[in-house]
Amino acid sequence: MALQIHQICRPIPSTSSSISSLPSCFAKQSIVAGDIHQFTSLMIANKKNGNRKGLSSSLTVRSSLETAGPTVVVGQVTEVSQDTFWPLVNAAGDKMVVLDMYTQWCGPCKVIAPKYKQLAEKYLDVVFLKLDCNQDNRALAKELGIKVVPTFKILKDNKVVKEVTGAKIDKLVGAIEEVRSS
């Protein structure tokens, strides 16, 4: 979850000269395990004398669940689940999406994984995703019609347009090139 902070600090109009300068404001975010969590501290004080009297502040905190959708990343392979797959495909827009459907125990899946990562680094106009076809993602694997692992699904405009089964990197590259040129 990401955190978005909007902060407004301003002095309340007063006839006293002691609060005529603008307040200083301080907000802090903590990052834990790659996510920004809701940890904020706010300090408001008069710059001249540190007096807090007569100052007004408002702070709005919103999580990324409220403000932003999924982020599509090119140049790397992104792990997806049945909950994140379709939102990421939708976020890809008109970009081609290649999905590697694999399992943890599959030997050929492990062999082709580094080559798949190299493809992601090579084709910067393509979104590369991977889905562990485990119990948690069974519904999506079934929806996409997986029969063997690894299976690569190539999507364009939210539709599967090509499929490559097995750890055949040459066939996968050929399929990517074919869809790119169409």
Side-chain angles (χ1 to χ4, degrees), residues 1-6 29-40 60-106 108-182:
M1 170 178 32
L3 187 67
Q4 184 180 46
I5 297 180
H6 298 279
Q29 307 172 71
S30 68
I31 299 176
V32 179
D35 292 338
I36 301 174
H37 294 273
Q38 186 175 343
F39 171 78
T40 59
T60 305
V61 178
R62 296 200 173 133
S63 75
S64 62
L65 297 174
E66 299 170 314
T67 61
T71 304
V72 174
V73 181
V74 294
Q76 69 182 42
V77 178
T78 303
E79 181 82 31
V80 295
S81 69
Q82 65 183 24
D83 296 328
T84 61
F85 174 70
W86 286 113
L88 283 170
V89 170
N90 290 330
D94 61 352
K95 289 188 185 305
M96 179 192 333
V97 176
V98 181
L99 174 65
D100 174 10
M101 301 175 74
Y102 73 99
T103 60
Q104 296 286 330
W105 49 264
C106 168
C109 298
K110 293 176 184 178
V111 170
I112 200 167
K115 296 173 185 171
Y116 186 69
K117 183 179 178 205
Q118 289 173 343
L119 291 178
E121 294 165 355
K122 177 182 176 183
Y123 293 103
L124 298 179
D125 59 334
V126 178
V127 176
F128 286 83
L129 306 176
K130 65 180 184 173
L131 175 73
D132 186 354
C133 296
N134 58 23
Q135 201 66 15
D136 295 337
N137 296 317
R138 177 179 279 198
L140 178 59
K142 186 176 179 181
E143 176 186 342
L144 293 172
I146 189 169
K147 293 178 177 66
V148 299
V149 288
T151 293
F152 299 90
K153 301 280 187 172
I154 301 177
L155 296 94
K156 188 77 174 158
D157 300 319
N158 296 340
K159 295 180 185 112
V160 176
V161 294
K162 205 84 167 151
E163 175 181 291
V164 175
T165 57
K168 302 169 188 152
I169 196 70
D170 294 337
K171 285 191 176 185
L172 180 57
V173 169
I176 291 170
E177 289 294 339
E178 183 181 330
V179 174
R180 283 178 81 209
S181 64
S182 63

Sub-6.0 Å ring centroid separation between Tyr116 and Tyr102: no
Nearest heavy-atom approach of Gly145 to Lys153 is O-NZ, 4.1 Å
Rounded to the nearest 0.5 Å, what's the gap from CZ on Arg180 to NZ on Lys156? Could you check? 10.0 Å
Ile154 to Ala175 - nearest heavy-atom pair and separation: CD1-CB, 3.5 Å
Val97 and Val126: CA distance, side-chain angles, deciding distance, side-chain contact (heavy atoms from CB on, under 4.5 Å) verdict: CA-CA 6 Å; Val97 176; Val126 178; over 6 Å; no
Please report the interatomic distance CG(Leu155) to CG(Leu88), rounded to the nearest 0.5 Å. 12.0 Å
Got Ile169 and Phe152 here, is their nearest side-chain heavy-atom distance under 4.5 Å? no
Strictly below 4.0 Å, N to O, side chains only: are Asp125 and Lys95 in salt-bridge contact? no
Tell me, with the steps shown, if Val80 and Leu99 meet side-chain contact (heavy atoms from CB on, under 4.5 Å). CA-CA 9 Å; Val80 295; Leu99 174 65; 4.1 Å; yes
With the side chain counted from C-beta on, respond yes when Leu129 and Val98 share a heavy-atom pair under 4.5 Å apart, and no when they do not. no
Just so I know, are the side chains of Pro87 and Val89 near enough to count as touching, which here means a heavy-atom distance under 4.5 Å? no
Can you measure from CG (Asn134) to CG (Asn137) and round to the nearest 0.5 angstrom? 5.0 Å
Working for side-chain contact (heavy atoms from CB on, under 4.5 Å), residues Ile176 and Met96: CA-CA 9 Å; Ile176 291 170; Met96 179 192 333; 4.2 Å; yes
To check you understand the geometry: which heavy-atom pair defines the closest contact between Gly75 and Glu121, and what is its length? O-CG, 3.6 Å
Separation between NZ of Lys142 and CD of Gln82, rounded to the nearest 0.5 Å: 12.0 Å
What's the shortest heavy-atom distance between Pro150 and Ile112, and which atoms? CG-CG2, 4.5 Å
Within a strict 4.5 Å, meaning less than it, do heavy atoms of the Leu119 and Val173 side chains meet? yes
Closest heavy-atom pair, Asp157 versus Asp94, reported as atoms and distance to 0.1 Å, is OD1-CA, 4.3 Å
Can you tell me how far CG of Leu140 sits from CG of Asp132, rounded to the nearest 0.5 angstrom? 11.5 Å
If you define the side chain from C-beta out and look only at heavy atoms, does anything of Trp86 sit under 4.5 Å from Glu143? yes
Value for CE (Met101) from SG (Cys109), rounded to nearest 0.5 Å, stands at 10.5 Å
Is it the case that the side chain of Ser181 and the backbone of Glu177 share a donor-acceptor pair, with hydrogens and angles ignored and the cut-off at 3.5 Å? yes
For residues Val77 and Asp100, determine if any side-chain heavy atom of one lies less than 4.5 Å from a side-chain heavy atom of the other. no
Do Val127 and Val74 have side chains that approach each other closer than 4.5 Å (heavy atoms only, starting at C-beta)? yes
Give the minimum heavy-atom separation between Lys110 and Gln104, together with the two atoms involved. CE-O, 2.9 Å
